[in-house]
Visitor: 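Next up is a structure, given as structure tokens.
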There are 2 protein chains.
Amino acid sequence: MRKGAETRERILEIAEASVLAKGFGATSIEEVIAEAGITKSGFFYHFKDKNELARALMLRYVEENDRIFDDVFRRGRQLSDDPLQSFLITLKLLAELMGDLPNGHPGCLIATFTYQERLFDRNVRDIASDAVRSWNGRFRDALNEIATVYPARKGMDLDDVAIMFSCVIDGGIIMSRGLGDPRVLERQILAFRSIVQLLFAPAAPDIILPPAPTAIAAE
Amino acid sequence: MRKGAETRERILEIAEASVLAKGFGATSIEEVIAEAGITKSGFFYHFKDKNELARALMLRYVEENDRIFDDVFRRGRQLSDDPLQSFLITLKLLAELMGDLPNGHPGCLIATFTYQERLFDRNVRDIASDAVRSWNGRFRDALNEIATVYPARKGMDLDDVAIMFSCVIDGGIIMSRGLGDPRVLERQILAFRSIVQLLFAPAAPDIILPPAPTAIAAE
DNA sequence: AAATTTACTGTACCGGCGGTATGGTTTTCA
DNA sequence: TGAAAACCATACCGCCGGTACAGTAAATTT
């Protein structure tokens with residue numbers, strides 16, 4: 001019912017924070033239930049074992065990220081008809097979103113899980129794999145659409161560029177943490193944005209491209 | 001003496017593989033000693049607790065990576081006097097190195113540790129942090145040296161480009177695993193290489209730059 | 001209002017693991 | 001040959017993941 005879903009959500013929230021801080025293996029159910037204010041029986045009422053918790057965490061993370069990407073891509077398209085401008089706006093929005101997080105990005109569950117893959121069954125791994133493929137597909141589609149209007153530089157495979165954006169995000173999160181500077185991620189996304197400009201603007205990108213839109217509030 | 005160092009090394013080897021596959025928290029000492037063919041007492045003779053194992057793993061990883069970077073940068077400089085060419089060669093060598101790994105890159109310990117930072121003391125975190133800063137510094141120095149000869153594109157901070165390379169490597173490892181395709185990492189490094197070309201070659205990079213050296217055996 | 005389902009609590013237990021302690025034994029090297 | 005190094009054997013503690021089962025208060029349905 002209502003209350004059950006709330007408790008379940010609270011468990012997931014607490015567990016996700018713990019997984020991102022200590023890893024899945026070191027995340028103790030006892031700590032989670034202590035923080036959630038429930039008993040062990042209550043936990044196992046919602047999740048039959050730890051692996052189902054992992055599955056639920058992954059599903060939740062993927063869905064939320066899908067929503068975020070839906071949103072920034074939709075707003076990017078709303079604000080320009082030009083596919084290049086549209087994508088550049090989307091990247092700017094994403095960068096703002098990351099920069100506005102008070103304590104930096106909390107971490108990418110996909111990244112943690114791929115570094116602990118032996119802990120999860122094929123089901124969970126497939127969810128993660130499909131999600132990554134889907135997100136890369138979005139970026140690749142956006143780039144391909146741009147390429148129909150602007151000629152891309154030779155020697156650059158757009159599939160690789162699309163994947164590189166995922167690399168920059170996941171790598172940026174790691175670097176932000178490792179260097180103790182939450183703004184690294186935002187800067188990396190903006191740097192990638194500059195590269196996209198460079199890729200599709202042959203001669204002098206700063207001249208033929210209008211300035212990026214400013215003061216667009218990120219959700 | 002001699003034999004002690006060998007056993008210690010074997011422990012580290014096994015532990016590293018386990019940490020990269022399951023995470024540090026889920027790496028059980030019992031499994032490690034079983035695989036190493038020693039007893040628990042033997043393990044605690046070499047490492048007084050699990051945290052010291054973490055410290056040793058991190059130190060070992062950082063030193064080995066330092067050696068690798070020393071090597072590819074040295075060989076890059078040997079093969080060309082031009083800083084741009086030299087760096088492009090280094091990147092190619094690095095890409096070949098990654099591509100030649102039979103089962104893909106085993107994983108970046110820094111990445112795992114930053115996603116499990118609550119498990120380690122400040123000492124270990126500082127080692128990781130300093131290593132990342134040092135590696136980023138290498139890339140930044142290389143880029144700055146290039147910029148003294150070739151004018152860089154405006155709007156791109158070379159510090160960010162340097163950090164982006166670290167992002168591409170760590171992100172590339174995650175993507176390789178997540179997508180189940182070991183060659184993603186190699187392709188990402190080569191894609192970054194193309195971007196460096198683009199960054200420093202204003203008009204037509206494929207023309208003014210000689211082809212990358214081929215058939216340079218990676219160690 | 002009664003019956004049923006939902007959402008838990010309480011208690012008890014198992015086996016595995018990290019870690020400690022302590023006392024021995026073999027191997028290596030000076 | 002003697003000391004230090006490199007282990008092995010055994011026993012133990014406490015925490016944790018997980019299971020089992022019995023009970024209960026509240027919400028929802030009938």
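Proteins come first, then strands; the chains are lettered A, B, ... in the order of their sequence lines, and each starts at number 1. Side chains are part of it too, since the values below use all heavy atoms of this structure and drop only hydrogens, waters and symmetry mates. Since this is a predicted model, take the numbers as computed values, not measurements.
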Visitor: Looking only at heavy atoms, what is the nearest atom pair of V72(B) and T90(B), with distance?
Guide: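 That would be O-OG1, 3.1 Å.
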
Visitor: Under 4.0 Å between a Lys/Arg side-chain N and an Asp/Glu carboxylate O for R77(A) and E145(A)?
Guide: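 Answer for the salt bridge query: no.
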
Visitor: Taking only the side-chain heavy atoms of Y45(B) (C-beta and beyond), determine which of dC7(D), dT20(C), dC8(C) contains the nearest atom.
Guide: dC7(D)

Visitor: To the nearest angstrom, how far is F47(B) atom CZ from dG18(C) atom C1'?
Guide: 16 Å

Visitor: Nearest whole angstrom, please: distance from the P of dC16(D) to the CZ of F43(A).
Guide: 14 Å

Visitor: Could you give the CZ-to-P distance, from R8(B) to dC7(D), as a whole number of Å?
Guide: 12 Å

Visitor: Do L109(A) and V62(A) have side chains that get closer than 4.5 Å, going by heavy atoms?
Guide: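 L109(A) vs V62(A): side chains apart.
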
Visitor: Might you point out which heavy atoms bring S80(A) and I89(A) nearest each other, and give the distance in Å?
Guide: CB-CD1, 3.9 Å

Visitor: Taking the six-membered ring for Trp and the full ring for Phe, Tyr or His, determine whether the centres of Y115(A) and Y115(B) are under 6.0 Å apart.
Guide: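 Y115(A) vs Y115(B): aromatic centres not under 6.0 Å.
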
Visitor: Nucleotide by nucleotide, 5' to 3', does protein get under 4.0 Å of the base (B), only the sugar-phosphate (S), or neither (-) in nucleotides 10-16 of chain C, counting heavy atoms?
Guide: BB-----

Visitor: Can you pull out the residues from residues 15-36 of chain B that lie within a 4.0 Å heavy-atom distance of DNA chain C?
Guide: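 Contacts with DNA chain C under 4.0 Å: T27(B), S28(B), I29(B), E30(B).
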
Visitor: Tell me the interatomic distance from E52(B), atom CD, to dG19(C), atom P, rounded to whole angstroms.
Guide: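 Going from E52(B) (CD) to dG19(C) (P), I get 12 Å.
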
Visitor: Starting at atom CG of N51(A), determine the distance to atom C1' of dG18(D), rounded to an integer number of angstrom.
Guide: 13 Å

Visitor: What's the CD-P distance between E6(A) and dT6(C), to the nearest Å?
Guide: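 Distance, rounded to whole Å: 17 Å.
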
Visitor: Between R67(B) and D71(B) (salt bridge meaning N to carboxylate O under 4.0 Å), is one present in this structure?
Guide: no

Visitor: Please give, in whole Å, the distance from dA20(D) C1' to D49(A) CG?
Guide: 15 Å

Visitor: Please work out whether the ring planes of F87(A) and F73(A) are parallel, tilted or perpendicular, with thresholds of 30° and 60°.
Guide: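 The arrangement is parallel - the two ring planes meet at less than 30°.
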
Visitor: When you check the gap from the basic side-chain N to the acidic O, do R187(A) and D159(B) get nearer than 4.0 Å?
Guide: no

Visitor: Please enumerate all residues that pass salt bridge (Lys or Arg N to Asp or Glu O under 4.0 Å) together with R55(A), with sequence neighbours excluded.
Guide: none

